[in-house]
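Data first, discussion second: the structure below is written as structure tokens.
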Amino acid sequence: MSDYSAERKPMDRYDPAAIEKKWRDRWAADEIYRTHPADERPKYYILDFYPYPSGDGLSVGHCRNYVPTDVIARYYRMKGYNVLHPMGWDAFGLPAENAAIKLKTNPAILIRRFADNYKRQMNMIGVSYDWSREISSSTPEYYHWTQWIFLRLYNSWYDPRVDQARPIETLEDELSQNGTANLRLPLSEPQLTAAEWNAFDPLQRQEYLRRFRLAYRGEAAVNWDPVDKTVIANEEVDADRRAWRSGALVERKILKQWFFRITAYADRLDRDLDTVDWPSKIVTMQRNWIGRSEGAEVIFHTEQDDEIIVFTTRPDTLWGATFMVLAPEHPLVAKITGEEQRAEVTAYVARAQATSAAARTEEKEKTGVFTGGYAINPVNGARIPIWIADYVLMGYGTGAIMAVPAHDERDFAFALKFGLPIIPVIARPDDAARSVVRAGTYRPELVAALNAAQYSFTENAGDLLVTLTGAQAPEYAELVHAHLTEGHSEVAGSGWLMIFPDEVIALDSVAADERIAARLRKEIGHDAVPTCMAYLVTTPFYRDIVYHDNYGTPIHSGPINGLPGDQAIHQTIAWLEQNGFGRQRLNYKMRDWLISRQRYWGTPIPIIHAEDGLEVPLHDDELPLTLPNVESYEPTATGESPLTLIDDWVNVTLPDGRKGRRETDTMGTFACSSWYYMRFADAHNSAALADVQELAYWLPVDMYVGGAEHAVMHLLYSRFWTKLLYDLNVIAFFEPFARLRNQGLIMAPAREVNGEVIVEKMSKSKGNVITPDEVVAEHGADALRGYECFISDFELSVPWSTQGVPGVRRWLDRVWRIVLRPDDDAGQPATLSERQVQRIVHQTIQRVEENILNFKFNTMVSALMEFTNALYKARDAGLVGTPAWNEAIETLLLLIAPVAPHIAEELWERTARPYSIHQQRWPVADPELAAEEEIEVVLQVNGKVRDKLVVPAEADEEQLRELAMTSDRVQSFIGGKPIRKVIVVPGKLVNVVI
RNA sequence: GCCGAAGUGGCGGAAUGGCAGACGCGACGGUCUCAAAAACCGUUGGGGGCAAACCCCGUGUGGGUUCGACUCCCACCUUCGGCACCA
């Protein structure tokens, strides 16, 4: 201990440990953060992504989320808003269950313990949540309503005619009256007449309705996680086919699973992204995930008159479809396969099925086999071969494509590999063409003739390499033709002509291609030339020009030749529709949301499977269906949920006497998190998911803040559930989160290894986690909060710096001293007027407020530090105790209250102001008091600063120009040269250009 | 491969068409001390110049627009995120 501190009572120094707990206890006892129900005040709902409590507790990285949002919540409270700033727990799911298995403890007890620790840490850092609204998704009071929403999904279908969900009974009525005639189903869906529907027995009806229910049980190839022993959603599998949580390589299995039909909402999920204020990165990721594409379904007839329906985004290239490809799993494969090809096709299909999707996509080399079948291209009657190949996926579109090798990269590679014809049907937008006239095939006069006609070409060992345009092709071909003595030349890229000494053939159809290839084979003397294009690609000069996939003007395409690209598409679709060969269709990459988990610790699915095979949904008044207590939480060896082992829970007798078994899959936790933000509006309602009035008042969430790792799954699912409940009139908003922001990651402190700087994520296994507990113990919660804000731009990832917190701590020390003991030390004498102090006060209010609203918490802290520095200068100027000084001190405390609530409250009390600072009104900035009277204007010559001038703020252009010209320094740089121009920006600068 | 974001002192970063480097860290010098720590006061982009005045250079690279560019446009390089045979 130094003499300096020994002279003083301990509490005269800033000692966070001595004040922070005291105030937190007082705030909690007084419930100053309790949110009131809907009232006449404006509301502000600011929400953090609710966390999954783990046994490890919070790190300083988690606090990056919670502190800034707390600053915002505190700011809006001081602005007079009714603020909802709640917290809850995403409590179901595998980590808790796995921990329960390991520790042989009930997961409910474990999760409560973990959550309590999170809560302790959140309180420790002074976050102002209203704990009276705390929720936990694994309590029956909560999952009651998760199940209730499940039943809404189960009992609804999506009516595309009104573009919204409706009760399933309305579909049953429709089917019994009109069948599917008016439903505008995709052509690839099974259609039904009313008579057929009415003749169905209950089981058949159930099977048919599965195709429509928004929650349905279906057989599907699913992602099986062998480590967690459960099925997981597509969204939970990454590009390397690894499970998002366990990291295990997922396996493909065919199982009966529960799905939510999120695809029904694909278009609205895409469209409504226009209505939210979210980071553009997240909006883009969602759009890419949804993968909307406009195009057409086209019906091809096989020679046996089966219909093969394809989806294409390029109906304008239909004339270039020279073969078809089916996915190996396509239902028509067996039927169209010829006897000669059957063995090979069967073997290929078997191999494709055995190969995981991962391996299939890893192999870039195309594989496939010919089925022996042919189809007729509806637009030109061409007979085209049908192949199967694993690059066509059964899960997208219709599982069949028309291959247009000239304008689709995959089809191009496939056609070259298997010798299939490639006919260009879209002109290159640049109309670029090239030609090679080979040495020894032409008369020498050709060179002069090309020069005379002004073609641009180079000569290389006797080969003439000509660059031209498609428009010049006919004239050029004539010229070359006249000088060609043997062999051949050609125009490639645009124009597409094959030039022989005796004829010129256009590459405009499969028939022409065959003639050309036959001539080339004869000329070369063996069979290595299956098609014209296969020959052209062997010439390096053509490499960059033979293929393109741009939109452009059709060629070789009969009636649509020459139309602009977008018109060509529309006209082709119109023609297909008129002639019954297809129609317009939207298609989406997104698949339905797989919700089944074969695990214990999740929301039970409220469905009973009756002995006659019918599904019986529970009634609303039978909810909640609670989880039974079990002895063991281990997944069973068969991969079924451990719930299957609880006979007295699983086996039930229905009111009508039928026996049944409960569904034993549980819901994945994304179901719970898809609606929790609504529950906070009225967290303990036992009669509804929340009171209608409270929902109407509080929702949507005004500001939602969390990590970008939930960009797709959680946010997409939440939007889907919101739209469903909107359609069913449960809620009146259709987007849940008006504004969204993602905080950057806090990494472990950078360390140097062999001169290289290493920045890693914090992880328990690496032992580099920094906890808020250790930081608070050393420097206090306010210093931690300040540094969380100050560390970097909110959205950027940044390594933690152990030096950073002491820096903020020093600032708080300076605040402490300037408020309580301004006269203790003195710096160098300074000049500052009361008016100047007042100006700084009001400028700082403006800056801090603006920074909070724009999520610029780092510059908010900077502004407060500068303000503090200015007060030290004011002290050195002898202003302590003046009215301006007193206003400045009071303003300082109010402005730091959101970021440093404890020290603000302590100093507020010590300066004899009324409890609590957190219930005071935010100071109002007066623009007039903030305005500068004098400003410094920069004088430039040719853009370089040469002098500076202090002038009245209102000095006009003319005055500034004159002042600039009288500057000696400006004049010396002009040096008597003529002045070309003088730029005057009032309030900023004068630039003299010479 | 495609889509998106970011490249500024020794470090985190500020400035969104007008004085580049606010604020903080670190470093250096000083005050206090027997000494050290803490605290306080000051200096701190690079080069030239005398530690002055002053001059030149400088925001990933190369071009462009402009009186003026970290900021806008074009091309490229690097890093990070996302997607990836989606017809």
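Please read all numbers here as calculations on a predicted model, not as lab measurements.
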Side chain of A:Lys281 - closest among B:C85, B:C54, B:G4: B:G4
From B:C54, B:G82, B:C67, pick the nucleotide closest to the side chain of A:Met285?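 That would be B:G82.
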More than 12 heavy atoms of other residues, nucleotides or ligands under 6.0 Å from CD of A:Glu795: is that the case? yes
NZ/A:Lys417: more than 12 non-hydrogen atoms of other groups inside 6.0 Å: yes
Could you tell me how far apart [X] ([atom1]) and [N] ([atom2]) are, to the nearest whole angstrom?
X        : N     : atom1 : atom2 : result
A:Asp793 : B:A6  : CG    : P     : 10 Å
A:Lys589 : B:C85 : NZ    : C1'   : 11 Å
A:Asn550 : B:C2  : CG    : P     : 13 Å
A:Tyr872 : B:A39 : OH    : C1'   : 11 Å
A:Asn288 : B:A84 : CG    : P     : 9 Å
A:Met713 : B:C83 : CE    : C1'   : 14 Å
A:Phe794 : B:A5  : CZ    : C1'   : 17 Å
A:Trp289 : B:G81 : CH2   : C1'   : 15 Å

Got a sec, which residues hit side-chain hydrogen bond (donor to acceptor under 3.5 Å, both in side chains) with [X], two or more places apart in sequence or on another chain?
X        : result
A:Ser763 : A:Ser765
A:Arg946 : none
A:Asp277 : A:Arg739, A:Arg741

Base, sugar-phosphate, or nothing for [X], non-hydrogen atoms under 4.0 angstrom?
X        : answer
A:Ile401 : base
A:Arg292 : nothing
A:Arg809 : nothing
A:Phe973 : sugar-phosphate
A:Ser280 : nothing

Quote, to the nearest angstrom, the [atom1] distance that separates [N] from [M].
N     : M     : atom1 : result
B:C76 : B:G4  : P     : 14 Å
B:G60 : B:C77 : C1'   : 7 Å
B:A84 : B:A75 : C1'   : 26 Å
B:A14 : B:G68 : P     : 28 Å
B:G46 : B:C41 : P     : 24 Å
B:G24 : B:G9  : C1'   : 14 Å
B:C50 : B:U43 : P     : 24 Å
B:U59 : B:G45 : C1'   : 11 Å

Going by salt bridge (charged side-chain N to carboxylate O under 4.0 Å, His left out), name the residues that satisfy it together with A:Asp956, two or more places apart in sequence or in a different chain.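 Not a single residue meets the salt bridge (charged side-chain N to carboxylate O under 4.0 Å, His left out) criterion with A:Asp956.
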Which pairs pass salt bridge (Lys or Arg N to Asp or Glu O under 4.0 Å) with one or both residues in residues 981-991 of chain A, sequence neighbours excluded?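 For residues 981-991 of chain A, and leaving out neighbouring residues, there are no salt bridge (Lys or Arg N to Asp or Glu O under 4.0 Å) pairs at all.
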Would you kindly compare A:Lys761 and A:Thr398 by the position of their nearest RNA chain B nucleotide and give the one closer to the 5′ end?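 Its nearest nucleotide lies further toward 5', so the answer is A:Lys761.
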With RNA chain B as reference, determine whether A:Gly399 or A:Leu796 sits nearer its 5' end, using the nearest nucleotide of each. A:Leu796
When you check every protein heavy atom under 4.0 Å of nucleotides 17-33 of chain B, what one-letter string (B, S, -) results, 5' to 3'? -BB--BBSSS-------
Is there a side-chain polar atom (N or O) of [X] under 4.0 Å from OP1 or OP2 of [N]?
X        : N     : result
A:Lys944 : B:G58 : no
A:Arg817 : B:C40 : yes
A:Lys981 : B:C67 : yes

Is A:Glu778 salt-bridged to A:Arg809, cutoff N-O under 4.0 Å?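 No salt bridge links A:Glu778 with A:Arg809.
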A:Asp274 with A:Arg287: basic N within carboxylate O range, under 4.0 Å: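 Yes.
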Partner nucleotide of B:G17 by Watson-Crick or wobble geometry (both distances under 3.5 Å): none
Conformer about C1'-N of B:G9 - syn within 90° of 0, anti elsewhere: syn
